[in-house]
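Below you'll find the structure, written out as structure tokens, and then a few comments.
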Amino acid sequence: MSNALSNTLRLGLQLWTVRELAERDLAGTLKQLRDIGCDAIEIFGDGPAFYQEMQVALQASEMACCSAHVPFLALRNELARIIAGLQSISCNMAVVPAFPREWRDTPAKALQLALDLNRIGERLRNAGIAFAYHNEDYDFAPLGDSTLWQMLVANTDASLVQLQLDVFTAALMGA
């Protein structure tokens, strides 16, 4: 970026926005984003070759990865692999974009999610990676005497788990 804001403001894009293009040609899509002024992306995905492919594309396009949406079950069950993958692409923020329905359909399960998020957040913090949860519409639906969102706010440690509020979704749900 060549304007006066370039020293203080990074322009980023959530790769999900251009996912069809990225699925066809990741490196080319990142180069096009760089050409129009983006210098950072928030990625999504996981899989055996995901981080290696992303590392090559990021280096070729001279883009940075400012955060990554990582599936909850991958974080819960394969955290060491996820940490290594995030570190390989110099990504210092992991975000859970959603929870599987069967993990969030009762107050007891919601409490367990909060405890899991705290545990994951502590391990990520120890690895130098910040951690957040990005809400969905179901977070504001009634769950017992509360909502999933309220239970997460009340039961996660703010020093370990940030809550990334999607304002549009919250407003859509009347929250």
Side-chain angles (χ1 to χ4, degrees), residues 9-23 29 33 38 40-48 50-51 54 64-87 89 91-175:
L9 180 67
R10 295 180 72 182
L11 180 60
L13 179 89
Q14 187 178 47
L15 198 57
W16 180 260
T17 308
V18 292
R19 63 191 171 277
E20 291 90 7
L21 295 171
E23 287 171 3
T29 300
L33 291 171
C38 289
I41 58 166
E42 179 178 64
I43 63 170
F44 66 94
D46 190 40
F50 176 77
Y51 293 104
M54 193 58 64
C65 178
C66 56
S67 71
H69 276 201
V70 182
F72 170 70
L73 293 179
L75 285 164
R76 186 175 187 280
N77 300 328
E78 302 175 75
L79 190 53
R81 180 183 63 78
I82 298 298
I83 288 171
L86 293 173
Q87 289 173 334
I89 58 171
C91 180
N92 61 6
M93 172 68 123
V95 180
V96 174
F99 296 122
R101 178 181 304 276
E102 63 273 12
W103 284 82
R104 58 178 165 82
D105 57 1
T106 69
K109 289 179 182 178
L111 179 58
Q112 184 59 53
L113 279 175
L115 298 175
D116 285 344
L117 291 178
N118 287 331
R119 181 187 54 78
I120 293 165
E122 183 172 26
R123 288 202 40 213
L124 286 167
R125 181 181 67 186
N126 292 340
I129 301 169
F131 184 51
Y133 170 64
H134 178 96
N135 68 278
E136 295 295 334
D137 58 352
Y138 55 74
D139 289 292
F140 304 103
L143 185 63
D145 294 335
S146 189
T147 66
L148 178 57
W149 185 258
Q150 290 169 328
M151 293 185 75
L152 293 176
V153 168
N155 294 290
T156 54
D157 180 337
S159 72
L160 301 174
V161 182
Q162 299 173 36
L163 297 174
Q164 186 184 71
L165 182 63
D166 182 324
V167 176
F168 173 78
T169 302
L172 184 67
M173 295 301 293

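No experiment lies behind these values; they were computed from the predicted model shown. For reference, positions follow the sequence shown, starting with 1.
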How far apart are the closest heavy atoms of E42 and A68, and which atoms are they? CG-N, 4.3 Å
To the nearest 0.5 Å, how far apart are CG in L86 and SG in C91? 5.0 Å
Are R104 and L113 side-chain neighbours, meaning at least one heavy-atom pair lies under 4.5 Å? yes
Exam field: side chain R76 to backbone L73, donor-acceptor pair closer than 3.5 Å: no
Nearest heavy-atom contact between M151 and P107 is CE-O, 3.2 Å
Just wondering, do N155 and L115 contact through their side chains at under 4.5 Å, heavy atoms? no
Give me the atom names and distance for the closest heavy-atom approach of N92 to G128. CB-O, 4.0 Å
Can you find a pair of side-chain heavy atoms, one from I129 and one from M93, that are under 4.5 Å apart? no
Within this structure, what is the CD-OG distance for the pair Q164 and S67, rounded to the nearest 0.5 Å? 6.5 Å
Just how far is it from atom CZ of R123 to atom CG of L79, taken to the nearest 0.5 Å? 4.0 Å
CG (L11) and SG (C38) are apart, to the nearest 0.5 Å, by 4.0 Å
When L117, V161, L160 are each screened for side-chain contact (heavy atoms from CB on, under 4.5 Å) with E122, the one that passes is L160
Carefully, step by step, assess L33 and L15 under the rule side-chain contact (heavy atoms from CB on, under 4.5 Å). CA-CA 10 Å; L33 291 171; L15 198 57; 4.3 Å; yes
What pair of heavy atoms forms the shortest contact from M54 to I41, and how long is it? SD-CD1, 4.4 Å
R125 to F131, cation-pi by 6.0 Å centre distance and 45° axis angle: no
Rounded to the nearest 0.5 Å, the CG atom of L152 sits from the CZ atom of F99 at a distance of 5.5 Å
So that I know where these two stand, are Y133 and F72 an aromatic pair - ring centroids less than 6.0 Å apart? no
Distance (rounded to the nearest 0.5 Å) between T156 OG1 and L163 CG: 4.5 Å
P97 to H69 - nearest heavy-atom pair and separation: CB-ND1, 3.3 Å
Does a side-chain heavy-atom distance below 4.5 Å link R19 with F44? yes
Quick check: does any side chain N or O of T147 sit under 3.5 Å from a backbone N or O of L143, one acting as donor and the other as acceptor? no
Do any N or O atoms from the side chain of Q87 and from the backbone of A127 form a donor-acceptor pair under 3.5 angstrom? yes
Can you tell me if CG on N77 sees more than 12 non-hydrogen neighbours from other groups inside 6.0 Å? yes
Please evaluate residues L172 and D137 with respect to the criterion side-chain contact (heavy atoms from CB on, under 4.5 Å), reporting the C-alpha separation (whole Å), side-chain torsions for both, the decisive distance (0.1 Å), and the verdict. CA-CA 8 Å; L172 184 67; D137 58 352; 5.6 Å; no
Carboxylate-amine/guanidinium proximity below 4.0 Å for R81 and D46: yes
Does any donor atom in the side chain of Q112 or D116 lie under 3.5 Å from an acceptor atom in the other side chain? yes
Look only at the side chain of N118 and the backbone of D157, and say whether a donor-acceptor pair between them is shorter than 3.5 Å. yes
Are any non-hydrogen side-chain atoms of V95 and V70 less than 4.5 angstrom apart? no
With R119, which residues qualify under salt bridge (charged side-chain N to carboxylate O under 4.0 Å, His left out), at least two apart? none
Please collect all ring-ring contact (aromatic ring centres under 6.0 Å, His included) contacts where either partner lies in residues 149-173, sequence neighbours excluded, each pair once. F140-W149
Looking at every non-hydrogen atom in both residues, tell me the closest pair between A22 and T29 and how far apart they are. N-OG1, 3.5 Å
Counting distance only, does the side-chain N/O of Y51 pair as donor-acceptor with the main-chain N or O of I82 below 3.5 Å? no
